[in-house]
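For reference, positions follow the sequence shown, starting with 1.
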Amino acid sequence: MKAFVAGATGETGRRIVEELIARGIPVRALVRDIQKARSILPAEAELVQGDVLDRQSLTTALGDCTVLLCATGAKPSFDPTGPYKVDYEGTKNLVDAAKTKGIEHFVLVSSLAASQFFHPLNLFWLILVWKKQAEEYIQKSGLTYTIVRPGGLKNEDNSNHIVMQSADTLFEGSIPRQKVAQVCVEALFEPTARNKIVEIIAKPDAAVKSFGELFASIA
């Protein structure tokens, strides 16, 4: 297994890179700025310059990777096309490149409430609408996928336990990015994670379950 990580220098992406390396999985990280990425990511990560909006660069960038994890996301800005370009077009380009290269598993970090149109996050240039469109594109692609929809993201880890439910059943809650990264990496190893949308939050009073049990509980 060799993992390609898009959005590798973001808060969630860098934790995914660290988690993969901790598991002994070689990582190729797609970055726009090699110098900046070198100061953020572990030395073991192989860096490749590229952009999800540059379709041609992605097939080359993927190299000999066998799995792909996408943690890209539009940053808040005054550009109304940001979420469309990054969350939809960028993901679509990754899916197309993954198909061309025969990627075995595509893991996408999406968002809780992706199916809810009347959600405050859609005031930010319809960000959830475009995330949902990207989800649907992956689902129709023929690729093996796992779509991870986390609740509100926290930078600090905690000892809360992961709650995992099926699509459109969790509507509030938060989760540390570290736990999101763990779920994404574990999805690569759990057969029951394949071709599923999972929604995740973390709660102190949640039952302790293995990742196998969590993924298996989702229809």
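A distance of 5.0 Å separates CD1 of I34 from CG of L47, quoted to the nearest 0.5 Å. Rounded to the nearest 0.5 Å, atoms CG (N93) and OH (Y137) are 8.5 Å apart. Atoms OG and CD, from S210 and E186 in turn, are 9.0 Å apart once rounded to the nearest 0.5 Å. To the nearest 0.5 Å, the span separating CD1 on I103 from OG1 on T144 amounts to 11.0 Å. Expressed to the nearest 0.5 Å, how far CG of L94 lies from CG of L53 amounts to 9.5 Å. In this structure, E11 CD and L153 CG are separated by 10.0 Å, a value rounded to the nearest 0.5 Å.
For the pair V31/L41, a side-chain contact is recorded, criterion being any heavy-atom separation below 4.5 Å from C-beta on. You'll find the side chain of E199 reaches within 4.5 Å of the side chain of T169, heavy atoms only. Between I197 and Q139, some side-chain heavy-atom pair lies under the 4.5 Å cut-off. Put simply, the side chain of T100 does not reach to within 4.5 Å of the side chain of L62, judged on heavy atoms. In this structure, V52 and T91 have side chains that are not in contact, with every pair of non-hydrogen atoms separated by 4.5 Å or more. Put simply, the side chain of N160 does not reach to within 4.5 Å of the side chain of K203, judged on heavy atoms.
Here the rule is side-chain hydrogen bond (donor to acceptor under 3.5 Å, both in side chains) with D64, and of K2, K101, R28 only K2 fits it.
Taking A3 as the reference, L20, I25, V67, L69 meet the side-chain contact (heavy atoms from CB on, under 4.5 Å) condition, with sequence neighbours excluded.
Remark: side-chain polar atoms of D87 are paired, donor with acceptor, to backbone N or O of A74 under 3.5 angstrom. Between the side chain of K196 and the backbone N or O of F215, at least one donor-acceptor pair lies under 3.5 Å. Using modelled atom types, no side-chain atom of E46 and backbone atom of V27 make a donor-acceptor pair closer than 3.5 Å. Proximity of a side-chain donor or acceptor of R14 to a complementary backbone N or O of T9 within less than 3.5 Å is detected.
Here V86 sits alone; no ILVMFWY side chain lies under 4.5 Å from its own, so it joins no hydrophobic cluster.
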I'd like to know whether M164 forms a side chain to side chain contact (heavy atoms under 4.5 Å, CB included) with K209, so could you lay out the CA-CA distance, the side-chain angles of the two residues, the decisive distance to 0.1 Å, and finally the verdict. CA-CA 10 Å; M164 185 181 287; K209 293 181 180 175; over 6 Å; no
Start with the C-alpha distance between H105 and T146, add both sets of side-chain angles, then the distance that settles side chain to side chain contact (heavy atoms under 4.5 Å, CB included), and finish with yes or no. CA-CA 8 Å; H105 198 146; T146 306; 2.8 Å; yes
Intermediate values then yes/no, salt bridge (charged side-chain N to carboxylate O under 4.0 Å, His left out), E104 and R194: CA-CA 11 Å; E104 294 164 16; R194 289 175 186 167; over 6 Å; no
Kindly indicate, with the supporting measurements, whether the criterion side chain to side chain contact (heavy atoms under 4.5 Å, CB included) is fulfilled by V95 and Y145. CA-CA 10 Å; V95 170; Y145 66 86; over 6 Å; no
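With a 6.0 Å radius and a threshold of 12 heavy atoms from other residues, nucleotides or ligands, R38 has its CZ atom above the threshold.
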Show me the donor-acceptor pairs, under 3.5 Å and distance only, between side chains in residues 171-179 and residues at least two apart or in other chains.
unit_1 : atom_1 : unit_2 : atom_2 : d
R177   : NE     : N155   : OD1    : 2.6
R177   : NH1    : T12    : OG1    : 2.8
Q178   : NE2    : E19    : OE1    : 3.2
K179   : NZ     : D157   : OD1    : 2.8
K179   : NZ     : N158   : O      : 2.4

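A donor atom on one side chain and an acceptor atom on the other are not found under 3.5 Å apart for D79 and Y84.
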